[in-house]
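Here is the structure we will look at, set down as structure tokens.
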Amino acid sequence: MGKLFIVPTPIGNLEDITLRAIKVLKAVDVILAEDTRTSGKLLQHYDIATPMQSHHMHNEHKTVEGLVRRLEASEDMALISDAGTPAISDPGFLLTRLCVEKGVAVECLPGATAFVPALVNSGLPNDRFVFEGFLPPKKGRQTRLLVLAEETRTMVFYESPHKLLKTLTNFIEYLGEDRLVTVSRELTKLYEETIRGTAKEVLKHYTEKPPKGEIVIVVAGKR
């Protein structure tokens with residue numbers, strides 16, 4: 001029986017990949033990639049010639065059973081996302097779950113993920129925290145924010161640049177304008193930036209300077 005390797009990839013800087021990850025990507029029979037065009041640049045950079053197959057949120061429901069059958073037939077596979085660790089707000093959970101159910105070995109390598117550096121450099125308590133990922137876009141958003149208003153642990157969110165102002169406005173509405181917030185964007189890249197302050201101050205900053213790039217928001221818990 002083969003093995004499924006979950007392999008983190010850099011979130012920006014291509015040097016943020018482990019030697020072990022490169023070794024695994026070269027050794028497996030196939031690499032399951034969220035976007036083969038994006039991943040192709042990484043593989044080319046490290047002279048990795050392993051064949052790729054598309055595996056993303058739009059096809060994973062249809063393909064996981066066939067992939068597991070191939071694993072059961074002794075193929076080794078590596079699962080990667082466009083950036084960071086697969087299954088963290090990215091495809092990967094469905095395949096991993098089915099492998100576990102079928103007794104196929106799964107091994108997750110340590111490596112890059114966006115929320116950890118954002119949390120650590122926020123300056124907010126990180127001995128206990130809750131990872132929320134993306135807030136519901138519409139249905140369930142208010143309900144979730146009402147629950148989080150009572151959360152005492154530091155909270156970590158992912159957000160897209162065009163929704164950042166809306167989310168910061170929601171934080172002011174449900175958590176209060178004085179709640180401490182940090183916004184980290186473009187982590188590990190040339191224009192990496194972290195803005196710290198109250199929700200009101202951070203909203204003002206990004207109202208005046210519209211954000212670009214991948215974003216992680218860290219929010220202080222209720223005192």
Side-chain angles (χ1 to χ4, degrees), residues 1-121 126 129 131 133-134 156 158 184-190 192 213-216:
M1 189 175 290
K3 179 184 284 190
L4 174 67
F5 294 89
I6 312 295
V7 182
T9 54
I11 60 175
N13 191 320
L14 292 183
E15 294 182 359
D16 293 334
I17 190 168
T18 67
L19 296 174
R20 183 179 168 207
I22 295 171
K23 182 179 179 180
V24 168
L25 292 175
K26 287 183 175 181
V28 294
D29 297 301
V30 64
I31 296 171
L32 307 176
E34 185 177 3
D35 187 326
T36 55
R37 293 167 299 179
T38 300
S39 297
K41 298 173 184 176
L42 175 68
L43 301 190
Q44 184 178 18
H45 183 79
Y46 286 104
D47 296 321
I48 299 170
T50 306
M52 282 189 292
Q53 178 176 328
S54 180
H55 183 79
H56 49 73
M57 62 180 294
H58 302 295
N59 73 0
E60 61 177 339
H61 289 83
K62 301 176 182 178
T63 60
V64 289
E65 291 187 1
L67 292 173
V68 171
R69 284 195 295 270
R70 289 167 58 184
L71 285 158
E72 290 175 322
S74 299
E75 277 193 68
D76 288 328
M77 298 182 180
L79 174 67
I80 62 176
S81 62
D82 288 348
T85 302
I88 303 294
S89 295
D90 275 327
F93 166 68
L94 295 179
L95 179 58
T96 302
R97 180 177 63 181
L98 189 56
C99 284
V100 171
E101 290 175 356
K102 297 291 187 178
V104 175
V106 178
E107 185 173 339
C108 183
L109 279 61
T113 189
F115 77 82
V116 173
L119 173 64
V120 172
N121 73 25
N126 54 37
F129 64 93
F131 175 71
F134 290 94
V156 184
Y158 286 163
S184 294
R185 65 177 193 86
E186 294 293 82
L187 287 165
T188 79
K189 299 177 184 177
L190 181 62
E192 177 176 336
E214 302 294 325
I215 291 171
V216 184

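Computation of the quantities below employed the complete heavy-atom set of this structure, encompassing side-chain atoms and omitting hydrogens, waters and symmetry-equivalent molecules. No experiment lies behind these values; they were computed from the predicted model shown.
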_Identified side-chain contact (heavy atoms from CB on, under 4.5 Å) counterpart of Leu43 within the set Thr9, Thr50, Ile48_ = Ile48
Euclidean distance, [Y] [atom2] relative to [X] [atom1], rounded to 0.5 Å:
{"X": "Ile6", "Y": "Phe93", "atom1": "CD1", "atom2": "CZ", "result": "12.0 Å"}
{"X": "Asp16", "Y": "Lys189", "atom1": "CG", "atom2": "NZ", "result": "11.5 Å"}
{"X": "Glu192", "Y": "Glu214", "atom1": "CD", "atom2": "CD", "result": "13.0 Å"}
{"X": "Gln44", "Y": "Ser39", "atom1": "CD", "atom2": "OG", "result": "12.5 Å"}
{"X": "Leu71", "Y": "Leu95", "atom1": "CG", "atom2": "CG", "result": "6.5 Å"}
{"X": "Leu67", "Y": "Leu98", "atom1": "CG", "atom2": "CG", "result": "9.5 Å"}

*For Glu101, look at atom CD and say whether over 12 heavy atoms of other residues, nucleotides or ligands are found less than 6.0 Å away.*
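Enclosed: over 12 neighbouring heavy atoms sit under 6.0 Å from CD of Glu101.
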*Counting only heavy atoms not in Glu65, do more than 12 fall under 6.0 Å of its CD?*
no
*Any chance you could lay out the side chain to side chain contact (heavy atoms under 4.5 Å, CB included) test for Tyr158 and Ile88, step after step, and finish with the verdict?*
CA-CA 10 Å; Tyr158 286 163; Ile88 303 294; 4.1 Å; yes
Got a donor-acceptor contact below 3.5 angstrom from the [X] side chain to the [Y] backbone?
{"X": "Thr113", "Y": "Thr85", "value": "no"}
{"X": "Asp29", "Y": "Met77", "value": "no"}
{"X": "Asp90", "Y": "Asp82", "value": "no"}
{"X": "Thr188", "Y": "Asn13", "value": "yes"}
{"X": "Tyr46", "Y": "Leu14", "value": "yes"}

Is there a side-chain contact between [X] and [Y] (heavy atoms, below 4.5 Å)?
{"X": "Val64", "Y": "His55", "answer": "yes"}
{"X": "Leu42", "Y": "Pro10", "answer": "yes"}
{"X": "Glu34", "Y": "Pro86", "answer": "no"}

*Any idea how Phe129 and Phe115 line up, ring-wise: parallel (<30°), tilted (30 to 60°), or perpendicular (>60°)?*
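Rings of Phe129 and Phe115: tilted, as their planes differ by 30° to 60°.
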[X] versus [Y], closest heavy-atom pair with distance:
{"X": "Leu4", "Y": "Cys99", "value": "CD2-SG, 3.9 Å"}
{"X": "Pro110", "Y": "Arg20", "value": "CD-NH1, 3.7 Å"}
{"X": "Val7", "Y": "Ala21", "value": "CG1-CB, 3.7 Å"}

_Determine whether Met1 and Lys102 satisfy the following criterion, side chain to side chain contact (heavy atoms under 4.5 Å, CB included), listing intermediate values before the conclusion._
CA-CA 11 Å; Met1 189 175 290; Lys102 297 291 187 178; over 6 Å; no
*Run the numbers on Ile80 and Leu25 for side chain to side chain contact (heavy atoms under 4.5 Å, CB included), then give the verdict.*
CA-CA 9 Å; Ile80 62 176; Leu25 292 175; 3.9 Å; yes
*Worked verdict on Asn121 versus Ser184 for side chain to side chain contact (heavy atoms under 4.5 Å, CB included)*: CA-CA 9 Å; Asn121 73 25; Ser184 294; 3.7 Å; yes
